[in-house]
Amino acid sequence: MKAEYNPKEIEKAIQEEWLKEDKFKATPDDREKFYCLSMFPYPSGKLHMGHVRNYTIGDVISRYKRMRNFNVFQPMGWDAFGLPAENAAIANKVSPKDWTNENIEYMKKQLASLGLSYDWSKELRTCEPDYYKWEQVIFKRFHDQGLVYRKKSFVNWDPVDETVLANEQVIDGKGWRSGAQIEIKEIDQWFIKITDYADELLESLDEVDWPENVKVMQRNWIGKSNGAEIKYLIEGSDNYLTAFSTRPDTIFGVSFLAISPNHSISLKLAETDSSINQFLDKCKETKAAEADMAKAEKLGIDTGLSAIHPLTGKKIPVWIGNFVLLDYGTGVVMGVPGHDQRDFEFASKYQIEILQVISSDEEGLPVLQKGSLINSGIFNGMTSENASEKIVAELKDKDLGEELVQFRLRDWGVSRQRYWGCPIPVVYEDGEPRVLDESEMPVTLPELPANSAPIPLSQNKDFINISENLKRETDTFDTFMDSSWYYARFPSSNNKDEIFDKNSNYWLPVDLYIGGIEHAILHLLYSRFFHKALRDMGMVEGNEPFKKLLTQGMVLKDGAKMSKSKGNTVDPQSYIEKYGADTVRLYMMFTAPPEQSLEWSESSVEGASRFIKKVWNLVNERKYLDIKEPSIFTKEEADLRRKSHTTLVKITNDFETRHSFNTAIAAMMELLNFIPDSFKNEDADESSKYCLNEAITILLKTLNPIAPHISEYLWNDFYGDFSDDNIESSWPEVREDLLEVSEFDLVVQVNGKVRGKITIDKGLTQEEIEVLAKSIDNVSANLKGAVIKKTIYIKEKIINFVF
RNA sequence: GGGGAUGUGGUGGAACUGGUAGACACGCUAGGUUUAGAACCUAGUGCCGCAAGGCGUGGGGGUUCGAUCCCCUCCAUCCCUACCA
């Protein structure tokens with residue numbers, strides 16, 4: 001009588017065993033190391049499908065690498081500071097700390113129930129002083145390196161709630177809670193000079209094994225562009241407006257300058273000019289997010305000022321444009337409407353002159369391609385490239401411009417006006433900021449009274465006032481700071497005296513980093529910057545933190561991202577309880593390749609469950625038979641052996657190089673379906689049983705990384721006391737001698753259309769093959785009376801007769 | 001607006017380097033088993049067509065003996081856009 005598959009029981013028993021034996025605790029040894037890291041979660045309450053997918057991928061690869069005899073370190077922790085805790089605290093009257101820690105405890109249980117092989121001894125939480133103390137230390141050291149400065153910068157200000165809002169808290173220009181029209185307000189904030197590393201962040205992308213699309217996104221984000229800085233004298237003054245342009249060849253086409261609404265000139269004019277003042281007020285209503293700025297209607301106002309064209313001496317009007325960013329470049333744009341789409345639209349709207357200075361075969365403006373110059377004085381007839389060089393030289397002669405390399409990347413503003421974050425370790429002595437010494441750290445976040453909503457630090461008198469003239473900084477760090485160095489802290493997370501000890505040195509860099517594609521730019525760029533800055537201070541080794549990157553796609557339902565606001569979430573926990581972790585893991589890996597988005601499908605879970613049960617029924621209570629490899633096999637037996645080993649080759653390739661687990665699982669299913677029923681009988685031949693055992697061995701071992709509970713349970717049951725072979729530590733060996741075949745199937749085409757198939761012996765020549773192919777009825781019928789012009793033969797694949 | 005992806009049967013997906021489109025599953029249909037259902041097993045299943053055959057990888061065009069794959073163009077959906085994480 002077969003026992004029924006009971007995932008709950010099996011999984012619990014196996015997980016307890018792992019725990020008892022401390023199976024996944026990693027320590028340095030002689031083997032090759034493999035640091036496998038999945039992006040740690042924000043403890044939002046419970047795991048969602050995106051987490052399950054992310055962590056299953058990481059675990060499958062970790063377990064596979066262990067079977068290949070790597071020393072694997074796979075830690076887990078919590079990105080525990082952040083906005084949702086404050087929102088929850090306000091909504092539910094619990095402290096962000098209690099809310100966060102309760103969420104962590106629950107989610108940790110969920111992770112355990114998925115059978116993820118983490119080294120929990122190195123767990124970290126970014127909201128603990130043990131962790132963020134070191135973040136403050138890093139900030140101090142960055143400061144001492146000249147990487148930290150203070151600057152005025154813009155925030156979304158809710159005038160009713162009197163708070164700074166995150167971009168996502170501004171909906172249609174209004175505060176989400178108060179409904180008030182938000183304002184762009186300028187306040188003092190802390191910045192880190194990531195731009196000092198712009199060039200290296202760009203260059204060393206070549207060193208990492210990352211998906212090309214992520215590298216492209218980062219390159220475009222950093223946005224290195226070669227161009228020129230061009231100075232325009234403001235008429236009637238000694239002041240210049242300096243604009244950056246990547247197209248100095250179009251300088252004769254400049255017909256206006258546009259300055260940012262926040263430019264000092266704009267602000268000055270607004271003091272006396274009421275219409276400009278009104279215009280600036282209107283500009284403040286556009287949310288600070290780039291996407292919103294870009295979508296907003298392009299508006300401008302003429303300042304009445306004129307600038308002098310550096311080469312023609314012509315007067316050019318100066319406008320204020322709501323599309324000009326002060327933070328990017330100089331806050332001044334030179335408008336070339338004949339050769340730039342946006343400038344063209346702006347000039348058309350406000351009836352500004354549009355000049356053509358690059359010739360084009362096609363009618364109409366703007367002309368966006370480079371070409372040869374017209375209407376450009378002595379530069380007429382030159383190519384864009386040539387003219388750019390000459391024009392910049394001319395400007396340089398006149399001291400009105402020079403070549404310049406410009407980056408799109410801006411410095412990183414790390415100040416947040418929030419409670420639930422790492423306090424910025426700064427005090428103000430009579431208003432003058434001083435970054436604290438390491439001996440004064442950590443600056444701990446003050447506790448809140450129980451059941452209290454978070455009080456902003458700026459209102460917490462006990463925290464702020466150290467003495468009469470000594471006040472604390474009340475901003476906390478951007479949570480991207482917390483997640484920019486956790487990968488390096490993990491191996492040393494228990495060390496209270498050192499930020500990174502020899503363990504970090506041993507395990508770094510991360511060999512494989514796995515996380516959502518949505519982090520392709522910001523998080524990964526900030527982490528790369530941290531690593532380089534830490535390296536320059538001698539704190540870590542190597543240029544890059546993450547050697548290889550795997551970006552997993554999102555989990556969708558009905559074509560949309562699962563989210564609370566859309567109400568289309570699926571709770572993983574109920575599926576773990578109903579089907580078991582192995583089925584959920586198998587489903588996640590089977591349904592789509594890791595990089596693609598995964599469409600959640602209820603019924604496909606059933607399919608995964610069915611396969612697991614089939615494996616159970618095949619192996620359960622089958623006792624290992626100590627059979628020596630026989631010397632003679634029937635054809636059926638030999639076919640199964642070949643299938644077992646070709647499957648193993650495919651799966652190994654899918655795991656190792658393609659991370660294509662869905663096709664690996666499909667191959668396992670094929671192997672299972674291939675086993676003849678007669679081999680499973682008690683009275684089958686010994687040689688058949690031998691082949692069956694071989695297939696089962698390959699099946700259970702290759703399944704182990706994906707469905708570790710059932711495969712380990714069955715393995716122990718299957719082998720019983722007969723073998724010391726431990727399923728977790730050995731990947732099966734391929735028998736190359738079994739892979740060879742003597743025949744192949746050839747597709748026969750006539751004029752590119754399939755007209756027949758034929759099995760060909762490998763020893764035949766092409767001439768012999770052609771004769772055989774032509775002898776197929778349907779082929780000869782299609783070739784009747786035709787003169788063959790060309791025969792294309794692709795070895796062991798296809799033959800095509802063309803007439 | 002800019003940057004990056006994706007688009008293949010009723011559904012999820014496969015086709016790895018330009019060489020049999022639809023592997024493997026889900027669903028559906030028929031049959032078996034069962035008191036019935038569930039589960040399980042067997043067979044079938046891209047579309048049109050009685051068939052021969054034709055059509056078919058978002059739309060249109062191109063390169064090629066041959067295109068899901070390469071090029072051009074258009075459309076749709078998703079991600080990021082510096083304060084969600």
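Every chain is numbered from 1 and lettered A, B, ... according to where its sequence line falls, protein lines coming before strand lines. The model shown is predicted, which means the values in this text are computed figures rather than measured ones.
A donor-acceptor contact closer than 3.5 angstrom is absent between the side chains of E4(A) and W616(A). Between the side chains of T663(A) and D654(A), a donor-acceptor pair is found at a separation under 3.5 Å.
Across G10(B) and G59(B), the matching P atoms stand 13 Å from one another, rounded to whole Å. Taking atom P on both nucleotides, G22(B) is separated from G46(B) by 10 Å, rounded to a whole Å. When the P atom is compared between U6(B) and C72(B), the two are found 15 Å apart, to the nearest whole Å. Distance noted for atom P between G2(B) and U73(B): 14 Å (whole Å). For the C1' atom pair drawn from G9(B) and U57(B), the interatomic distance equals 10 Å after rounding to whole Å. Distance check on atom P: A43(B) versus C24(B) gives 12 Å, rounded to whole Å. Comparing the C1' positions of U8(B) and C80(B) gives an interatomic distance of 27 Å, to the nearest angstrom. Across the P atoms, A39(B) and C78(B) are found 35 Å apart, a figure rounded to whole Å.
Checked options W78(A), F81(A), W485(A); the residue passing with Y131(A) is W485(A) (criterion: ring-ring contact (aromatic ring centres under 6.0 Å, His included)).
Other residues, nucleotides and ligands contribute more than 12 heavy atoms inside 6.0 Å of the NZ atom of K774(A). Atom CG of N673(A) has more than 12 neighbouring heavy atoms from other residues, nucleotides or ligands inside a 6.0 Å radius.
When the P atom of A85(B) is taken as reference, atom CZ of R125(A) falls 19 Å away, rounded to whole Å. Atom CG of D343(A) and atom P of G2(B) are 14 Å apart (whole Å). When rounded to the nearest whole Å, the span between CG of N87(A) and P of A85(B) equals 10 Å. Taking atom CD on Q218(A) and atom P on A5(B), their separation rounds to 14 Å, with Å as the unit. Counting to the nearest Å, the P atom of G3(B) and the CG atom of L202(A) are 17 Å from each other. For the pair E599(A) CD and U8(B) P, the interatomic distance rounds to 11 Å; values are reported in whole Å. Rounded to whole angstrom, the span from the CG atom of L83(A) across to the C1' atom of A82(B) amounts to 16 Å. Here C80(B) presents its C1' atom at 14 Å from CD of E168(A), a figure rounded to the nearest Å.
Residue W412(A) is classed as having no contact, given no heavy-atom separation below 4.0 Å to the nucleic acid. Looking at heavy-atom distances under 4.0 Å, V155(A) makes contact with a base. Nucleic acid contact for M554(A): sugar-phosphate only, since backbone atoms but no base atoms lie under 4.0 Å from a heavy atom of the residue. Within 4.0 Å of F480(A), counting heavy atoms only, lies at least one base atom of the nucleic acid. At the heavy-atom level, A291(A) lies under 4.0 Å from base atoms of the strands shown. Among the heavy atoms of the strands, none lies under 4.0 Å from V170(A). R219(A) comes within 4.0 angstrom of nothing in the nucleic acid, heavy atoms only. Counting any heavy atom pair closer than 4.0 Å across all strands shown, H523(A) reaches no nucleic acid atom. Using a 4.0 Å heavy-atom distance criterion, P41(A) is classed as making no nucleic acid contact. Counting non-hydrogen atoms under 4.0 angstrom, S415(A) reaches a base of the nucleic acid.
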Report, as a single string ordered 5' to 3', how protein heavy atoms within less than 4.0 Å touch nucleotides 16-26 of chain B: B base, S sugar-phosphate only, - not at all.
-> B--BBS-BBSS

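You'll find the ring centres of Y486(A) and F40(A) inside the 6.0 Å limit. Centroid-to-centroid, the aromatic rings of Y579(A) and Y587(A) stay 6.0 Å apart or farther. Taking the six-membered ring where the residue is Trp, the centroids of W412(A) and Y526(A) are separated by under 6.0 Å. For an aromatic pair to be called close, the ring centres must be under 6.0 Å apart, and Y513(A) with Y487(A) fails this.
Side-chain atoms of E86(A) do not come within 3.5 Å of backbone N or O of L83(A) as any donor-acceptor pair. Within the 3.5 Å criterion, the main-chain N or O of V605(A) finds no donor-acceptor partner in the side chain of S609(A). Between the T476(A) side chain and the R418(A) main chain, a donor and an acceptor come within less than 3.5 Å of each other. Formation of a donor-acceptor pair under 3.5 Å by the K284(A) side chain with backbone atoms of E183(A) is not found in this model.
Within the 4.0 Å cut-off from OP1 or OP2 of G13(B), not a single side-chain nitrogen or oxygen of T591(A) is found. Between K790(A) and C65(B) there is a side-chain N or O to OP1 or OP2 distance below 4.0 Å. The phosphate of C55(B) has OP1 or OP2 within less than 4.0 Å of a side-chain N or O from K753(A). Applying the 4.0 Å criterion to OP1 and OP2 of C40(B), one finds that N617(A) has every side-chain N and O outside that range.
Comparing F40(A) and N751(A) by the nucleotide of RNA chain B whose heavy atom lies nearest to each, the residue mapping closer to the 5' end is N751(A). Both P593(A) and A166(A) lie close to RNA chain B; mapped to their nearest nucleotides by heavy-atom distance, the more 5′-ward contact belongs to P593(A).
The nucleotide whose nearest atom lies closest to any side-chain atom of N213(A) is, among G4(B), C84(B), A85(B), G4(B). Set against C80(B), C83(B), G4(B), the side chain of N167(A) has C83(B) as its closest nucleotide. Counting only heavy atoms from C-beta on, Q596(A) has its side chain closest to G13(B) among A85(B), G13(B), U81(B). Among the nucleotides U81(B), G13(B), C79(B), the one closest to any side-chain atom of I517(A) is C79(B).
Between the side chain of Q189(A) and the base of C83(B), a donor-acceptor pair under 3.5 Å is found. Side-chain to base pairing of E290(A) with G1(B): one donor and one acceptor N or O lie within less than 3.5 Å of each other.
Base orientation of G27(B): anti (glycosidic angle beyond 90° from 0).
Taking a pair as Watson-Crick or G-U with both hydrogen-bonding distances under 3.5 Å, the stems of three or more pairs touching RNA chain B are B:1-7 with B:75-81, B:10-12 with B:24-26, B:27-32 with B:40-45, B:46-48 with B:53-55, B:58-62 with B:70-74.
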